[in-house]
Number of protein chains: 2
Amino acid sequence: MSVHREIRTQMQDCGDCPIRHRAVCARCEADELAQLEQIKYYRSYQAGQTVIWSGDKMDFVASVVTGIATLTQTMEDGRRQMVGLLLPSDFVGRPGRSSAAYDVTATTDLVMCCFRRKPFEDMMASTPHIAQRLLEMTLDELDAAREWMLLLGRKTAREKIASLLAIIARRDASLKQPRAVAPRITFDLPLTREEMSDYLGLTLETVSRQMSALKRDGIIVLDGKRQVTIPSMDALMDETGDDSDGGYLV
Amino acid sequence: MSVHREIRTQMQDCGDCPIRHRAVCARCEADELAQLEQIKYYRSYQAGQTVIWSGDKMDFVASVVTGIATLTQTMEDGRRQMVGLLLPSDFVGRPGRSSAAYDVTATTDLVMCCFRRKPFEDMMASTPHIAQRLLEMTLDELDAAREWMLLLGRKTAREKIASLLAIIARRDASLKQPRAVAPRITFDLPLTREEMSDYLGLTLETVSRQMSALKRDGIIVLDGKRQVTIPSMDALMDETGDDSDGGYLV
DNA sequence: GATCTGCCTTGATGCAGATCAAAAAGGGAA
DNA sequence: TTCCCTTTTTGATCTGCATCAAGGCAGATC
């Protein structure tokens, strides 16, 4: 908690850093150095483009500046499971590992801030704060992954969909209107039905059916295929199967 | 990889540290200090005992010395999902968080090495290596969690069982006979059928049925309910659905 | 040895979600 | 506008695992 507050404070000072860019603090501290040594550069990807394939050589680490990317694992026979959703500020890659462990794909147009791996590792060794920030972020990701394990292992299709919508809605609401709890939230789904199914461990047909069911039951309102309105966040939360207190950790 | 080698080297010097105790290195560096300041202490639990309940105040972090513990999440209606298996050397708790996020239960008799949280955090701030080691370990856990997401979301019951057996067998084999690939592996299951089902997102009946099926098909040999022999590791791996090259990351 | 108790196995049946198939709805491009 | 192509929806059917329900077995207690 205290660390998060510290990060928010520092973010005020970050010139080119996007809102919610948690990795920012490491960047800011190291920015001047990094630019000088040319270890930092930006890369853009178009929606749908693959950033890197699992197993490929990966000589950089990066953080998402704008856009959304996904991490997916694929089995030999083609079964796919998304294991991570990368939002602005999220970190990709792993110090100490030279090849990618997952497929990384841009689902929207994407800009990433990359650091050459070796110099980044050196920087980490000499700047203790960076490892500590990365640890914080990684622990957050681990918690998210474990929450997702509960979803994948034990929730029904309807609960899975509701949970995903709740996560996206909450993130979106906090972006647009931090601190306020809007009674009515509208947003564009950043994922196709197929991507949703890969994330939730379902088929795309089941995703579609459950979206229709939630619409029929008035839990959500669909305008076109992508735009979603949540009339009552409470009603949506009732469908997720999560504890009603909703207080998310940290 | 290089970091792992470094850790192994340092382990030689660790007096009371159990084999494979990765957290050891942080401990060793800080051990003298810790003992002096009395921030470190050991606790024992009996098999079946709950170490801590989700939501409870947790003013320590710890690492497992001997025995096995589990992390589980429970939904309001009682559905349970195990989200982590803690083996000797694994770390529990989170710097910066004062309450437990999961139920922690001892499945065997368990000894944990605990550090009072606040002093541990201070130690982390003043000893950069500790954060770096914790980061390594947390990234490993994140990879394991993501592998588990693929299992929970996309694997069949038979593949899930085979995967779990493969993980336990591999760990066991590396403990007993590091570096050698034994053609025939025998071990005791550290989990009940119900715990296996909680881990795999199945019911205990399905676990039992699939164990019987693997036995019938000669993939495993059961002696009693707990002792398992794997006649051919290759045959077992064929049932997991995993890539045949089997090369696990890192 | 008899009974109890906590796992574990096995059988019968049901259902949520997968699979197979086709139609509908957008959304660009010409 | 029309056509084409991708995405989404909807329908019909199938199936893997859950659920419900008995037993079985082995170690503990008396």
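By convention in this document, chain letters (A, B, ...) are assigned in the order of the sequence lines, proteins followed by strands, and residues within each chain are numbered from 1.
Scanning both residues, A69(A) and V104(A), for their nearest heavy atoms gives CB-CG1, 4.3 Å. Between S163(A) and D242(A), the shortest heavy-atom distance links the atoms OG-OD2, 4.5 Å. Heavy atoms only, all atoms of each residue included: L152(A) and G201(A) are closest at CD2-N, 3.9 Å. Heavy-atom minimum distance, F60(B) versus M112(B): CE1-CE, 4.4 Å.
With a heavy-atom cut-off of 4.0 Å to chain B, the contacted part of DNA chain D has its first and last nucleotide at dC17(D) to dC20(D).
Looking at D140(B) and R97(A), no side-chain N of the basic residue comes within less than 4.0 Å of a carboxylate O on the acidic one, giving no salt bridge. Using a 4.0 Å cut-off between charged side-chain N and carboxylate O, E194(B) and R80(B) make no salt bridge. Under 4.0 Å is where a charged nitrogen must lie from a carboxylate oxygen, and between R154(A) and D198(B) at least one such pair does.
For residues 209-221 of chain B, every residue pair satisfying the salt bridge (charged side-chain N to carboxylate O under 4.0 Å, His left out) rule, not counting sequence neighbours, is listed here: R158(B)-D217(B). For residues 45-64 of chain A, the set of pairs meeting the salt bridge (charged side-chain N to carboxylate O under 4.0 Å, His left out) definition, not counting sequence neighbours, is empty.
Near DNA chain D, defined here as any heavy-atom distance below 4.0 Å, the residues from residues 214-231 of chain A are K225(A), R226(A), listed numerically. Of the residues in residues 152-167 of chain A, those placing a heavy atom less than 4.0 Å from an atom of DNA chain C are T156(A), A157(A), in numerical order. Only L204(A), E205(A), S208(A), R209(A), listed by number, bring a heavy atom of residues 200-210 of chain A to less than 4.0 angstrom from any atom of DNA chain D.
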Side chains of residues 46-54 of chain A: which donor-acceptor pairs under 3.5 Å do they make with residues two or more places apart or in other chains?
{"from": "Q49(A)", "atom 1": "OE1", "to": "Q46(A)", "atom 2": "N", "distance (Å)": "2.7"}
{"from": "S54(A)", "atom 1": "OG", "to": "A101(A)", "atom 2": "O", "distance (Å)": "3.3"}

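Every side chain to side chain contact (heavy atoms under 4.5 Å, CB included) that S98(A) has, sequence neighbours left out, goes to R117(A). Not counting sequence neighbours, the partners of V111(A) by the side chain to side chain contact (heavy atoms under 4.5 Å, CB included) test are Y42(A), S44(A), V65(A), T66(A). Scanning for side chain to side chain contact (heavy atoms under 4.5 Å, CB included) contacts around T206(A) gives A157(A), L202(A), T203(A), Q210(A), with sequence neighbours left out. Applying the side chain to side chain contact (heavy atoms under 4.5 Å, CB included) rule to A169(B) yields the partners I185(B), F187(B), I230(B), M233(B); only residues at least two apart in sequence or on another chain are considered.
One can place CD of E194(A) at 13 Å from P of dT19(C), the figure rounded to the nearest angstrom. Across the protein-nucleic acid pair, L189(A) atom CG and dG26(C) atom P stand 15 Å apart, rounded to whole Å.
Rounded to 10°, the angle separating the first-five-pair axis and the last-five-pair axis of the helix from dG1(C)-dC30(D) to dA30(C)-dT1(D) equals 30°.
The side-chain heavy atoms of T74(A) and Y102(A), taken from C-beta on, include no pair separated by under 4.5 Å.
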